[in-house]
Undergrad: 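I am attaching a structure below and will ask some questions about it afterwards.
Counting starts at 1 for both ligands and their atoms, following the listed order.
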Amino acid sequence: MDTDIKTPELSIVIPLYNERDNLIPLEEQLETELAKLNLSYEIILIDDGSVDGSAHLIESLQKHNPNIRLIQFGHNHGQSAAFAAGFKTARGKIFVTLDADLQNSPADIHLLLEKMKDYDVVCGWRHKRNDPWIKKISSKIGNAVRNKLSDEDIADTGCSLKAFRRECFDHVKLFKGMHRFFPTLMKMEGFRVTQVKVNHYPRLHGVSKYNIRNRLFSSFKDLLAIRWMKNRQINYDIIKED
Ligand code: UDP
Ligand code: MG
């Protein structure tokens, strides 16, 4: 195993907002699954302004797991900001993102890593969603509209379980809402992107932070911006350059 903690093989990047009751099982499952992979890793937990004592609990988890790093925001800035802060400090060669509420399973990380042999970005696809019906339908519509308007073929951009080669973030501009468009943004930079089916579990503790109002409508505005960027991407072919 590579024991150089300054450049671990993996940075696990996890935004969280009021997820206290999920953190102990999350940490236990991560520890078990990452040990199986036999790769050096760091776990970056970004506390996005929680008011339920999540950060305090993370500090106690750090006492027995030195691979855990904590970024704590003073206020709630949203999942994109939390990802951005996590990526900025991440030291790994591959970044793996997932939710803190265990709706994604750490046991599926290896599925993404297998595909990383041939790709730069691997997106999880929650093919059997375990969410309330309203969320399932709005997500289906959201993905269909997104794929149509941005000429994409990603089944489930909302799935946080993804893996990226760290270089993917060297040129991509991060903005609010961008986490739903990572596959398109990375493809625009020439990276090889694929998807893999992953498991999805019901939320056991805490509550969802999204509803139709705060997700669908704001992400539609972002979609129009992405569509514009994609259509206006500079392309040319050089037949001679002295
Ligand atoms: N989250 C966050 N900041 C926010 C909203 C959500 O860090 O402002 C985190 C949340 O704690 C979870 C992940 O983003 O780890 C996904 O959120 P959630 O589970 O509420 O979304 P859903 O699964 O319902 O779509
Ligand atoms: Mg969730």
Side-chain angles (χ1 to χ4, degrees), residues 11-30 43-58 61 68-90 95-109 123-143 146 154-163 174-182 198-220 222:
S11 290
I12 313 293
V13 178
I14 309 179
L16 61 112
Y17 179 45
N18 294 337
E19 302 286 3
R20 186 195 55 220
D21 295 341
N22 291 311
L23 295 177
I24 290 176
L26 173 71
E27 195 272 335
E28 284 170 357
Q29 289 186 30
L30 281 169
I43 299 170
I44 303 176
L45 297 172
I46 307 100
D47 180 358
D48 183 14
S50 298
V51 290
D52 67 345
S54 287
H56 192 64
L57 181 56
I58 293 167
L61 293 175
I68 296 179
R69 302 173 60 198
L70 167 65
I71 299 176
Q72 187 178 6
F73 287 172
H75 299 93
N76 179 235
H77 293 287
Q79 210 179 340
S80 285
F83 276 131
F87 296 146
K88 193 165 179 204
T89 192
F95 298 172
V96 174
T97 56
L98 72 158
D99 288 344
D101 59 0
L102 288 171
Q103 289 203 262
N104 303 134
S105 172
D108 287 344
I109 292 175
C123 306
W125 169 9
R126 300 164 292 181
H127 62 119
K128 283 189 192 141
R129 281 287 287 269
N130 261 302
D131 270 326
W133 66 269
I134 183 79
K135 191 164 264 195
K136 285 199 241 184
I137 289 177
S138 62
S139 164
K140 250 201 168 72
I141 296 170
N143 278 306
R146 184 183 300 118
I154 299 292
D156 183 19
T157 53
C159 179
S160 289
L161 186 56
K162 291 188 172 77
L174 304 182
F175 56 87
K176 283 182 190 167
M178 92 263 160
H179 62 278
R180 298 191 187 96
F181 299 95
F182 280 145
V198 294
N199 293 296
H200 189 241
Y201 297 95
R203 186 185 254 283
L204 294 181
H205 306 287
V207 292
S208 170
K209 313 304 177 303
Y210 296 110
N211 52 46
I212 293 198
R213 191 177 50 82
N214 70 8
R215 187 179 344 223
L216 211 57
F217 297 124
S218 63
S219 64
F220 186 71
D222 297 336

Undergrad: N/O of Ala82 under 3.5 Å from N/O of ligand 1, yes or no?
TA: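 No, no N or O pair falls under 3.5 Å.
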Undergrad: Which residue and atom name correspond to the protein heavy atom nearest atom 1 (N) of ligand 1, and how close is it?
TA: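 In this structure, atom 1 (N) of ligand 1 has Tyr17 CB, 4.0 Å as its nearest protein heavy atom.
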Undergrad: With heavy atoms of Lys209 as the reference, note each atom of ligand 1 found under 4.0 Å away.
TA: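 Contacts of ligand 1 toward Lys209, numbered from 1: 5 (C), 6 (C), 20 (O).
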Undergrad: Any side-chain donor-acceptor pair under 3.5 Å between Thr157 and Arg146?
TA: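 Indeed, the side chains of Thr157 and Arg146 share at least one donor-acceptor pair under 3.5 Å.
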Undergrad: Any side-chain donor-acceptor pair under 3.5 Å between Gln79 and Tyr17?
TA: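 Judged by distance alone, the side chains do not pair up.
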Undergrad: Looking only at non-hydrogen atoms, find the nearest pair between Glu19 and Ala100 and report the distance.
TA: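 Smallest heavy-atom distance, with atoms named: CG-CB, 4.0 Å.
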Undergrad: With Arg180 as the cation and Phe220 as the aromatic partner, state whether NZ or CZ is under 6.0 Å from the six-membered ring centre and within 45° of the axis.
TA: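 Because its charged atom misses either the 6.0 Å distance or the 45° angle limit, Arg180 does not stack over Phe220.
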Undergrad: At a 4.0 Å threshold, what atoms of ligand 1 neighbour a non-hydrogen atom of Glu19?
TA: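 With Glu19 as reference, the close atoms of ligand 1 come out as 10 (C), 11 (O), 12 (C), 15 (O).
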Undergrad: What atoms of ligand 1 come within less than 4.0 Å of a heavy atom belonging to Lys135?
TA: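 In order of number, 22 (P), 24 (O), 25 (O).
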Undergrad: Hey, which atoms in ligand 1 end up nearer than 4.0 Å to a heavy atom of Gln103?
TA: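 Contacts of ligand 1 toward Gln103, numbered from 1: 23 (O).
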Undergrad: Looking only at distances, can you tell me whether any N or O atom of Tyr210, backbone or side chain, sits closer than 3.5 Å to an N or O atom of ligand 1?
TA: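 The answer is no, given that Tyr210 and ligand 1 share no N or O pair closer than 3.5 Å.
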Undergrad: With no hydrogens and no angle check, just 3.5 Å: does a side-chain donor-acceptor pair link Asp222 and Ser219?
TA: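 No - no donor-acceptor pair under 3.5 Å links their side chains.
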Undergrad: What are the two closest non-hydrogen atoms of Gly86 and Ile46, and how far apart are they?
TA: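 Heavy-atom minimum between the residues: CA-CD1, 3.9 Å.
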Undergrad: Is the shortest distance from a Lys or Arg side-chain nitrogen in Arg126 or Asp156 to a carboxylate oxygen in the other one below 4.0 Å?
TA: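 Yes.
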Undergrad: In terms of residue, atom name and distance, what is the protein heavy atom nearest to atom 18 (P) of ligand 1?
TA: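 It is Arg203 NH2, 3.6 Å.
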Undergrad: Are Gln72 and Asp48 linked by a side-chain donor-acceptor pair shorter than 3.5 Å?
TA: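 No, Asp48 and Gln72 have no side-chain donor paired with an acceptor closer than 3.5 Å.
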Undergrad: Could you tell me which N, O or S atom of Asp101 is nearest to the Mg ion (ligand 2)?
TA: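 Closest N, O or S atom of Asp101 to the Mg ion (ligand 2): OD2.
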Undergrad: Against heavy atoms of Asp99, which atoms of ligand 1 measure under 4.0 Å?
TA: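 What qualifies from ligand 1 is 13 (C), 15 (O), 16 (C).
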Undergrad: Under 4.0 Å from any heavy atom of Asp48, which atoms of ligand 1 are there?
TA: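 Contacts of ligand 1 toward Asp48, numbered from 1: 2 (C), 3 (N), 4 (C), 7 (O), 8 (O).
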Undergrad: Is the shortest N/O to N/O distance between Ala100 and ligand 1 below 3.5 Å?
TA: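 Between Ala100 and ligand 1, an N or O pair is found under 3.5 Å apart.
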Undergrad: How about Ser208: does one of its N, O or S atoms come closer than 2.8 Å to the Mg ion (ligand 2)?
TA: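 No, Ser208 does not qualify, because none of its backbone or side-chain N, O or S atoms lies under 2.8 Å.
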Undergrad: I need the nearest protein heavy-atom contact for atom 19 (O) of ligand 1: residue, atom name and distance, please.
TA: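 For atom 19 (O) of ligand 1, the nearest protein heavy atom is Asp101 OD2, 2.7 Å.
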Undergrad: Considering only heavy atoms of Asn76, which atoms of ligand 1 have at least one such atom less than 4.0 Å away?
TA: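 The list of qualifying atoms is 3 (N), 4 (C), 8 (O).
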Undergrad: Give me the nearest non-hydrogen protein atom to atom 9 (C) of ligand 1 as residue plus atom name, then the distance to 0.1 Å.
TA: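 Minimum-distance protein heavy atom for atom 9 (C) of ligand 1 reads Pro15 O, 3.7 Å.
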Undergrad: Ignoring hydrogens and angles, tell me if any N or O in the side chain of Ser160 forms a donor-acceptor pair with the backbone of Leu98 under 3.5 Å.
TA: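 Absent.
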Undergrad: Taking Arg20 for the side chain and Asp52 for the main chain, is one N or O donor matched with an acceptor at less than 3.5 Å?
TA: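 Yes, because the side chain of Arg20 sits within donor-acceptor range (under 3.5 Å) of the backbone of Asp52.
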Undergrad: Can you tell me which residue and heavy atom of the protein come closest to atom 25 (O) of ligand 1, and the distance to 0.1 Å?
TA: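 So the nearest neighbour among protein heavy atoms is Arg215 NH2, 2.7 Å.
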Undergrad: I need the atoms of ligand 1 closer than 4.0 Å to a non-hydrogen atom of Leu16, numbered in the order shown.
TA: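 So the atoms of ligand 1 that pass are 7 (O), 11 (O).
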Undergrad: Can Arg203 and Ser208 be counted as having a side-chain donor-acceptor contact under 3.5 angstrom?
TA: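 The criterion, which ignores hydrogens and geometry beyond distance, is not satisfied for Ser208 and Arg203.
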